[in-house]
Amino acid sequence: MTDASPHFKQTVRSLSGGLLTPAHRSLLVATISRERLVEANSITVVSDNIIRIIGPSIGGALLGIAGVEIAIATDIFSYMISSVLLSLVAVKSSQQKQKGAEISLKQKWLEFWGNWWNGLKVVGTNQLYSTIFFDVFLHLVGSRND
């Protein structure tokens with residue numbers, strides 16, 4: 001019998017990447033001025049690639065030196081720092097940029113999930129959309145990023 005955990009891990013990674021990457025890019029567009037968007041996008045792509053290169057080495061070294069408990073605690077701590085820093089970001093919507101009002105990241109998060117849920121309702125009521133959605137889902141789950 002084969003171990004299902006690598007397949008589960010790949011499924012979760014593909015699904016989270018499929019949801020988080022577009023959200024990350026849209027947040028970048030919402031927070032950076034149009035004049036500096038190309039520069040910001042370049043920095044984001046380079047930093048993402050650097051993290052992909054050195055992250056596993058640092059994680060492996062930490063795991064080998066300090067053990068699994070410290071490696072997991074460090075991972076949790078890094079996510080907590082990221083969430084605190086992201087919560088400090090205020091995003092201006094295109095409609096409210098004219099008024100000068102700011103929308104908090106929490107409001108954007110709630111709006112995102114509300115729109116996501118409404119989109120799923122549309123997908124569930126239309127056979128063509130549900131077929132396309134299922135096909136894309138299978139592609140995401142079946143794609144290998146390793």
Side-chain angles (χ1 to χ4, degrees), residues 1-97 100-124 129-146:
M1 185 184 302
T2 61
D3 184 18
S5 64
H7 301 294
F8 178 75
K9 180 179 118 179
Q10 183 62 36
T11 300
V12 171
R13 182 187 299 164
S14 296
L15 289 174
S16 64
L19 290 174
L20 296 178
T21 301
H24 176 257
R25 298 295 186 237
S26 67
L27 182 63
L28 186 69
V29 170
T31 56
I32 305 297
S33 67
R34 189 166 184 82
E35 299 82 32
R36 302 196 68 196
L37 191 57
V38 172
E39 179 184 350
N41 193 38
S42 298
I43 291 170
T44 300
V45 169
V46 168
S47 63
D48 286 348
N49 288 332
I50 289 172
I51 290 169
R52 285 182 184 186
I53 292 170
I54 66 170
S57 299
I58 293 172
L62 186 62
L63 183 63
I65 294 169
V68 70
E69 294 86 6
I70 299 298
I72 291 173
T74 303
D75 193 33
I76 292 170
F77 184 68
S78 71
Y79 275 97
M80 290 171 53
I81 290 173
S82 297
S83 66
V84 168
L85 293 175
L86 280 173
S87 69
L88 299 175
V89 175
V91 180
K92 292 184 178 182
S93 73
S94 58
Q95 296 172 344
Q96 293 188 353
K97 278 184 181 178
E102 292 184 349
I103 295 178
S104 71
L105 186 61
K106 179 182 177 183
Q107 291 169 320
K108 284 296 249 184
W109 185 253
L110 293 174
E111 179 184 346
F112 167 78
W113 286 111
N115 290 338
W116 183 79
W117 182 251
N118 290 335
L120 280 182
K121 287 179 185 176
V122 171
V123 167
Y129 291 161
S130 59
T131 303
I132 292 170
F133 189 83
F134 185 69
D135 184 53
V136 170
F137 172 76
L138 288 178
H139 173 73
L140 287 173
V141 170
S143 68
R144 302 275 314 182
N145 295 331
D146 297 347

To the nearest 0.5 Å, tell me how far [X] [atom1] sits from [Y] [atom2].
| X | Y | atom1 | atom2 | result |
| --- | --- | --- | --- | --- |
| L110 | N115 | CG | CG | 11.0 Å |
| D75 | L62 | CG | CG | 9.5 Å |
| R36 | N41 | CZ | CG | 13.5 Å |

task = Check L63 against V68 and note the closest heavy-atom contact, atom names and distance.
result =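 Smallest interatomic distance, heavy atoms only, reads CD1-CA, 3.4 Å.
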inquiry  = With ring-ring contact (aromatic ring centres under 6.0 Å, His included) as the criterion, how do W109 and W113 come out once you've worked through the C-alpha distance, each side chain's angles and the decisive distance to 0.1 Å?
reply    = CA-CA 6 Å; W109 185 253; W113 286 111; 5.6 Å; yes
